[in-house]
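Report on the following structure.
When reading the values below, keep in mind they use all heavy atoms of this one structure, side chains included, and skip hydrogens, waters and symmetry mates.
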Amino acid sequence: MPLERHEPRELTPGMVGARTPRDALIEWRRGQGVDGELPRGADVGAFSTPRLARHLLVLDVVSNPVRFRVRLVGSDIVALIGEDWTGCWVDHRHLGPLGVHVAGALATTVGKHGPTAGANTIHRPKRPCIAYEAVRLPLRGPGSTVEQIVSCLEAA
């Protein structure tokens, strides 16, 4: 994605003002185990509802070294950014400087084993700016490792 610059801002999950990411965070917490165990994708059924699904970016976490691959991009995200990143690696080679920033934020989510949030304004040549807020929600695989991250984005 060619861009002139971007203005990322870290948020705590409680600071997110956009309604859909807040709703996704609430659903993620409902799927969380009583002992604080991370939910699995199947534990968070609300992610499959059309209202939330169109705002979701589902990423696989690949180990050694930790990398992220986009599994699914919701239709509202494709409309917002004007691109479908399904199948792309989240890195400089595929997404430019934005990929480096997003990969760092996803790595923080994996390390924290809990939700993280942020906001960004993307400035692209000859195209309107994109401002959004997002929450990033880790999902576990077998055991307690983070296998996927669901990121819920909404234009701010």
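Leu139 has its side chain within reach of Val150: a pair of non-hydrogen atoms, C-beta onward, lies under 4.5 Å apart. Between Leu25 and Pro13 the shortest side-chain heavy-atom distance falls below 4.5 Å. A 4.5 Å side-chain heavy-atom check between Pro138 and Trp28 finds at least one atom pair inside the cut-off. Residues Leu80 and Ile130 form a side-chain contact, since some pair of their non-hydrogen atoms from C-beta on lies under 4.5 Å apart. With contacts defined as side-chain heavy-atom distances shorter than 4.5 Å, the pair Val110/Val61 qualifies. Between Leu106 and Arg136 there is a side-chain heavy-atom pair separated by less than 4.5 Å. Here the side chains of Arg9 and Thr121 are in contact, with some heavy-atom distance below 4.5 Å. Residues Gln148 and Val58 are in side-chain contact: their nearest non-hydrogen atoms beyond the backbone lie under 4.5 Å apart.
Thr86 is linked by a side chain to side chain donor-acceptor pair (under 3.5 Å) to Asp84, counting only residues two or more places apart in sequence or in another chain. Evaluation of the side chain to side chain contact (heavy atoms under 4.5 Å, CB included) rule for Glu147 yields Pro142 as partners, not counting sequence neighbours.
Both Leu98 and Val78 are members of a single hydrophobic cluster when ILVMFWY side chains are connected at heavy-atom separations under 4.5 Å. Tracing side-chain contacts under 4.5 Å through hydrophobic residues (I, L, V, M, F, W, Y), one reaches Leu11 starting from Val102; they form part of the same cluster. Note on Leu153 and Met15: same hydrophobic cluster, where clusters join Ile, Leu, Val, Met, Phe, Trp and Tyr whose side-chain heavy atoms are under 4.5 Å apart, directly or indirectly. Follow the hydrophobic side-chain contacts under 4.5 Å out from Val66 and you reach Ile149 in the same cluster.
Contact between Glu10 and Ala117 at its shortest, heavy atoms only, is OE1-O, 3.3 Å. Here the closest non-hydrogen pair linking Gly17 and Glu133 is N-OE1, 2.8 Å. Closest approach of His92 to Pro97, counting heavy atoms only: CD2-N, 3.8 Å. Closest approach of Leu38 to Ser144, counting heavy atoms only: CD1-O, 4.4 Å. Looking at every heavy atom in both residues, Leu59 comes nearest to Phe68 through CD2-CB, 4.5 Å. Minimum heavy-atom separation, Trp85 to Val70: O-CB, 3.3 Å.
Applying the salt bridge (charged side-chain N to carboxylate O under 4.0 Å, His left out) test to pairs two or more places apart or on separate chains, those with a residue in residues 47-59 are Asp23-Arg51, Arg54-Asp76. Pairs passing the ring pair (Phe, Tyr, Trp, His ring centres under 6.0 Å) check and including a residue from residues 125-156, sequence neighbours excluded, do not occur. The side chain to side chain donor-acceptor pair (under 3.5 Å) pairs that include a residue from residues 95-111 are Thr109-Thr116, where partners are two or more places apart or lie in different chains. For the side chain to side chain donor-acceptor pair (under 3.5 Å) condition, the pairs that include at least one residue of residues 12-21, sequence neighbours left out, are Thr20-Glu154.
Rounding to the nearest 0.5 angstrom, the gap separating the OG1 atom in Thr145 from the CZ atom in Arg140 is 9.5 Å. Summarising the geometry, atom OG belonging to Ser151 is positioned 6.5 Å from atom CD1 belonging to Ile77; distances are rounded to the nearest 0.5 Å. Atom SG in Cys129 sits 9.5 Å away from atom CD1 in Ile122 (nearest 0.5 Å).
Classification of Arg71 and Asp60 as a salt-bridged pair holds, one side-chain N sitting under 4.0 Å from a carboxylate O.
Checking side-chain atoms of Arg69 against main-chain N and O of Gly87 turns up a donor-acceptor pair under 3.5 Å. Asn120 places a side-chain N or O within 3.5 Å of a backbone atom of Glu7 that can act as its donor or acceptor partner.
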